[in-house]
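Starting from 1, each residue takes its place in the sequence as its number. Reckoned from all heavy atoms, side chains included, excluding hydrogens, waters and symmetry mates. In this text, all values refer to a predicted model and were calculated from it rather than measured experimentally.
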Amino acid sequence: MCGIVGYIGHQDAYPILIKGLRRLEYRGYDSAGVALVSTANELNVYKSRGKVDDLERQTQNKDISGRAGIAHTRWATHGEPNDANAHPHYSQSKQLALIHNGIIENYLILKQQLIQSGYEFRSSTDTEVLVHWIEYIKETNRVDLQHAVQIALREVVGAFAIAVIEKNNPDTIIAARRSSPLVGGVGEGEYFLASDVSPIVEYTDRVVYVNDDEVVVISRQNGLKVFNLNDIAQTPEIKKIEMSLSQLEKGGFPHFMLKEIYEQPQTLENCMHGRINVDANHVVLAGVLDNQKKFLEARRIIIVACGTSWHAALIGEHLIEDLCRIPVEVEYASEFRYRNPVINKDDIVIAISQSGETADTLAAVELAKSQGVFIYGICNVVGSSIPRATDSGSYIHVGPEIGVSSTKAITGQVTLG
């Protein structure tokens with residue numbers, strides 16, 4: 001549930017980063033931090049246990065200048081929630097600073113190698129291991145930061161979305177992802193990074209959704225460029241997001257959950273809009289109609305999901321079996337991905353996720369794809385990873401769900417199902 005924000009451009013970075021962190025507070029967190037390359041070309045890292053307010057108090061009377069920076073809200077995984085374990089983390093030389101969502105599974109192996117090479121650690125996090133590892137690769141291979149990140153991540157096992165900034169290269173931020181969401185924003189002479197679009201929608205409606213094992217390079221001079229880990233340039237697809245700033249505000253309600261409960265009549269109408277033909281007494285779902293033969297000939301439907309989406313899948317199981325007389329199995333995605341499931345060519349796998357970035361569900365989709373089965377996605381966030389990974393699908397169109405407890409998303413999923 002950690003949050004990432006990054007900015008490089010013609011404006012002061014700090015206010016944009018702080019506002020972005022506040023947009024991400026709905027995720028839940030126990031510490032926050034920011035790294036800035038100042039106008040004096042210093043790499044300043046400020047971080048604090050607690051809330052964004054605590055971070056702002058800490059930065060009072062500090063140098064918060066600079067037009068390039070990265071910021072983070074952390075939900076503790078490796079190491080207790082304290083100032084030392086908060087992000088960003090410096091490298092050994094303090095030439096680099098890094099923020100990270102996810103878990104590095106082989107961090108102990110990398111850490112041992114770094115200790116043998118003379119590296120010292122100030123925290124108990126896997127993230128500090130990663131920034132030291134990148135610096136170690138940079139120095140031993142005598143390469144620039146972009147190539148150091150590419151080489152270093154080839155040795156990393158686990159999930160990550162990272163952003164790295166360098167003291168001696170203040171005009172560039174390097175970011176990358178694997179199994180953890182990351183989006184780039186393209187503005188007018190300025191560029192953004194975020195773990196979802198909510199921190200950047202105020203500044204631009206043009207975004208690039210980063211794929212697994214892709215490295216994003218953003219700079220004032222060269223704009224936004226994407227490479228894979230083998231340094232082969234990729235063609236980023238810039239998408240226009242349909243989200244208004246008002247959707248990210250509470251609108252007079254005391255909290256987002258209550259707001260989203262009251263939004264459900266409208267969101268359900270949005271979900272059904274253009275899909276129900278009252279006069280002809282039928283439902284039109286293009287993703288299903290375009291693949292009608294596959295659905296009609298399906299021997300079995302397997303639904304994979306996690307959390308609230310899994311409960312929606314259980315309701316869908318009853319509806320599909322009752323109306324279509326096709327056997328349905330509902331699998332918790334984390335269980336599905338870690339066993340050896342029996343999947344036949346004439347099965348259909350349906351993946352359900354509000355965010356479209358649920359790591360276990362995405363991994364289940366990749367497992368099903370490796371078996372050559374047809375996969376249908378039901379998601380809310382347009383352009384997210386699961387819709388891009390599936391063969392076809394439908395969006396529920398209920399708008400951003402900020403409240404952690406799902407309300408309008410589950411009713412939209414059940415309605416669409």
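You'll find the side chain of Ile4 stays beyond 4.5 Å of the side chain of Ile70, heavy atoms only. Looking at Ser124 and Asn85, their side chains come closer than 4.5 Å, going by heavy atoms from C-beta outward. In this structure, Arg67 and Asp12 have side chains that are in contact, with non-hydrogen atoms separated by less than 4.5 Å. Looking at Lys62 and Asn44, their side chains never come closer than 4.5 Å, going by heavy atoms from C-beta outward. Looking at Gln150 and Asn230, their side chains never come closer than 4.5 Å, going by heavy atoms from C-beta outward. With contacts defined as side-chain heavy-atom distances shorter than 4.5 Å, the pair Glu155/Gln113 does not qualify. Leu96 places a side-chain heavy atom less than 4.5 Å from the side chain of Leu145. Between Ile241 and Tyr209, some side-chain heavy-atom pair lies under the 4.5 Å cut-off.
With respect to the salt-bridge test (charged N to carboxylate O, under 4.0 angstrom), the residues Glu297 and Lys293 qualify. Using a 4.0 Å cut-off between charged nitrogen and carboxylate oxygen, Lys408 and Glu401 do not count as a salt-bridge pair. Note on Asp30 versus Arg49: no salt bridge recorded, every NZ/NE/NH1/NH2 to OD/OE distance being 4.0 Å or above. By the 4.0 Å N-to-carboxylate-O rule, Arg22 lies close enough to Glu56 to be salt-bridged with it. Using a 4.0 Å cut-off between charged nitrogen and carboxylate oxygen, Asp54 and Arg57 count as a salt-bridge pair.
Note that CD of Gln112 and CG of Leu114 are 9.5 Å apart. Values are rounded to the nearest 0.5 Å.
Tested against Phe160, the residues Leu153, Asn101, Thr127 include a single side chain to side chain contact (heavy atoms under 4.5 Å, CB included) partner, Leu153. Evaluated for a ring-ring contact (aromatic ring centres under 6.0 Å, His included) with Phe121, the options His89, His78, His132 yield exactly one hit, His132.
When every heavy atom of Thr172 is checked against every heavy atom of Ser219, the shortest pair comes out as OG1-CB, 3.7 Å. Shown here for Ser406 and Thr308, the closest heavy-atom pair between the two residues is CB-CG2, 3.6 Å. Nearest heavy-atom pair, Asp212 versus Ser179, reported as atom, atom and distance to 0.1 Å: OD1-N, 2.7 Å. Here the closest heavy-atom approach between residue Tyr90 and residue Glu128 is recorded as O-CG, 4.4 Å. Scanning all heavy atoms of the two residues, the minimum distance from Gly9 to Arg220 falls at O-NH1, 2.9 Å. Closest of all the heavy-atom pairs between Ala97 and Ala35 is CB-CB, 3.9 Å.
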Verify salt bridge (charged side-chain N to carboxylate O under 4.0 Å, His left out) between Arg206 and Glu188, making sure each step is shown before the conclusion.
-> CA-CA 10 Å; Arg206 296 186 295 157; Glu188 297 299 328; 3.6 Å; yes
Is there a side-chain contact (heavy atoms from CB on, under 4.5 Å) between Thr59 and Ile18 once you walk through the steps?
-> CA-CA 11 Å; Thr59 58; Ile18 290 296; over 6 Å; no
side-chain contact (heavy atoms from CB on, under 4.5 Å) between Tyr203 and Lys19: does it pass, once the steps are laid out?
-> CA-CA 11 Å; Tyr203 307 100; Lys19 186 178 286 188; 3.5 Å; yes
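For residues 361-377, every residue pair satisfying the side-chain hydrogen bond (donor to acceptor under 3.5 Å, both in side chains) rule, not counting sequence neighbours, is listed here: Tyr376-Ser394.
The aromatic rings of His100 and His87 sit parallel, their planes meeting at an angle under 30°, below the 60° perpendicular limit.
Looking only at atom types and distance, the side chain of Asn270 has no donor-acceptor partner in the side chain of His273 under 3.5 Å away. Residues Asn380 and Gln413 have side chains that never bring a donor and an acceptor to within less than 3.5 angstrom of each other.
Crowding of Gln11 atom CD: a count of heavy atoms from other residues, nucleotides or ligands under 6.0 Å exceeding 12.
Applying the side chain to side chain contact (heavy atoms under 4.5 Å, CB included) test to Val157 and every residue at least two apart in sequence or in another chain returns Glu105, Asn106.
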